[in-house]
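Keep in mind that the numbers below use all heavy atoms, side chains included, and drop hydrogens, waters and symmetry copies. By convention in this document, chain letters (A, B, ...) are assigned in the order of the sequence lines, proteins followed by strands, and residues within each chain are numbered from 1.
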There are 2 protein chains.
Amino acid sequence: MRETIEPGGAPDDARGEAARDEAAVSRFVERFAADLAEAGMQRMAARVFAALLVSDSGALSSAELAERLRISPAAVSGAIRYLSQVDMVVREREPGSRRDRYRLYNEVWYETLTRRDQMVARWESTMRDGAKVLGPGTPAGLRITETADFFEFVQRELPKMLERWRAQQAERRAAEAREAEAG
Amino acid sequence: MRETIEPGGAPDDARGEAARDEAAVSRFVERFAADLAEAGMQRMAARVFAALLVSDSGALSSAELAERLRISPAAVSGAIRYLSQVDMVVREREPGSRRDRYRLYNEVWYETLTRRDQMVARWESTMRDGAKVLGPGTPAGLRITETADFFEFVQRELPKMLERWRAQQAERRAAEAREAEAG
DNA sequence: CCTTAACTTCACAAATTTGTGAAACTAGCG
DNA sequence: CGCTAGTTTCACAAATTTGTGAAGTTAAGG
C-alpha cells in the first residue's frame, strides 16, 4: 500500500481530491453519518453516502469507499444495495474497466423527500381503513380521520414545496450568471 | 381476570370503548405500529402510540395499555418515557387515584414535524461546518453548501405549511358549524 | 476459452437492541 | 406513619442487526 504522510499527520489516502485536511474531512463524514443514522438510516449506508458527498467527483469506486471508511467490500456492497434501492446513488459501469463507480443521484434530496411522501401515502391508506374499523362517528374514528386528512394535506403540499425549491435554485443560478457576466 | 366472550370471538378487554370489533382494531393497531416502526420509531413506542390513537378517550392507563398490547408494565414505562420526551404523549396524574393516565398530545403531528425541523436544523449546521472544512470553492464544498441551503429552505417552509394546515382546519370547522346550524 | 479483477452472496460471530421479571421506589390512603 | 397500588429501574436473557471472511459469480482482457 503506497502511502505518504502529510505534515498534519493525516494519511494522504484520498487521492484525486483537492488538497485538504483529510482528518477533518473524516470527522465531518462521521458526524453527518451519525446525524443520518439517528434519523433511522442504516449506519453503513449513511457513512457511504457521506463519503460520496465529500468527494469532489461525487462518485467513488467500491475500493475507494472501502479504503476511506476502513470497511470490507462486503459492507460497501450492502450499503450500496440499500442506497440504490432508495435512489440516493446510481451505479455506473466505467467503460474500459471492470470497476463500478457509485455516483450520488442528481437530485438526492428531491428523491428522498418523494420517498417520504410515498410513505405518508401508505400511512394515509392505513388511517382510512382504520376509520372504517372504528366507525366514522366514534371519537376514535374522528381522530383517525383527521389524521388521515393531515397526511393527505402533506402529500399535496410536499410536491409544491419541492417545486418552489427548484424555482428558487433556477433564479439563484440565473442571478449568478448575470453577476459573472457583469464582473 | 374477569373476561367475557363476544359472539365474534374477540375478548371484550377494551372496556370503555364504543362497541366494535376488537380483533379488527387490534390488527389496525399492529399495522400502523409497523408503519411507524419502519419509519424508524421504536417498536413498543409505536404500538403504545397506536393504541392511544384508537382509544375513544385518547388516554389510557399503564395497566390498560399493558393488557391491550399484552406487554409488561416495564415495556409500557419505557415506551412512555420515549413518547413523553418527544412530546407525543403527556402524563396526567388522575386526582383522587394513584394511577397515571397517558394522553395523546393535543397537536401530535404539529409537534412531531417541529421536531423533524429541529433535526434538519442540526443537519444544516453540520453542513455549514463541512463546507468550511472542504473549502467553499471546491466541487465538494459547493455541493455541501447547496445541501445546507436546501435544509435552510425546508426550515423556512415547514412552519408555513403547518400554518396553512391550521387555517384549513379552522375553515373546515367553521363550515361544519354553519352546516349544523342550517340543518 | 482461460485467467483474474471486481463485486456479491452467504454463513457466522460480535455487538446491539429489546422486553422481561424482580426489586426498588413513590405517593395515596387508612 | 405504615401499607400497598402503581410505576420505574435494573440486570439479564432472547432476539435482532451488523459487519466480516471466504466462497461464489460475473465479465474484461489476453
Between A:T147 and A:R143 (side chain of the first, backbone of the second, donor and acceptor by atom type, cut-off under 3.5 Å), is there such a pair?
yes
Of all residues at least two apart in sequence or in a different chain, which pass the side chain to side chain donor-acceptor pair (under 3.5 Å) check with A:R122?
B:E38
If you link ILVMFWY side chains whenever their heavy atoms are less than 4.5 Å apart, which other residues fall into the same cluster as A:Y105? By chain and number, please.
A:V90
Look at the side chain of B:R115 and the backbone N and O of B:V86, then say whether any donor-acceptor pair between them is shorter than 3.5 Å.
no
Name the nucleic acid region contacted by B:S77, choosing base, sugar-phosphate or nothing; use a 4.0 angstrom heavy-atom cut-off, strictly under.
base
Over all strands shown, is B:R91 touching base, sugar-phosphate only, or nothing at heavy-atom distances under 4.0 angstrom?
sugar-phosphate
What is the per-nucleotide protein-contact pattern of nucleotides 24-30 of chain D, from the 5' end, where B denotes a base atom under 4.0 Å from a protein heavy atom, S denotes such proximity for sugar-phosphate atoms only, and - denotes neither?
----BS-
What residues form a side chain to side chain donor-acceptor pair (under 3.5 Å) with A:E107, not counting sequence neighbours?
A:R166
Residue pairs passing the side chain to side chain donor-acceptor pair (under 3.5 Å) test with at least one member in residues 128-140 of chain A, sequence neighbours excluded, are A:E124-A:R128, A:R128-A:D149, A:R128-A:E152, A:D129-B:R31
Please report whether the ring centroid of B:F151 lies less than 6.0 Å from that of A:W109.
yes
Where does the chain A footprint on DNA chain C start and end, counting 5' to 3' with a 4.0 Å heavy-atom cut-off?
C:dT4 to C:dT9
Ion pair check, B:R101 and B:E64, cut-off under 4.0 Å:
yes
Report the nucleotide, chosen from D:dT9, D:dT7, D:dG21, that has the shortest atom-to-atom distance to any side-chain atom of B:A74.
D:dT9
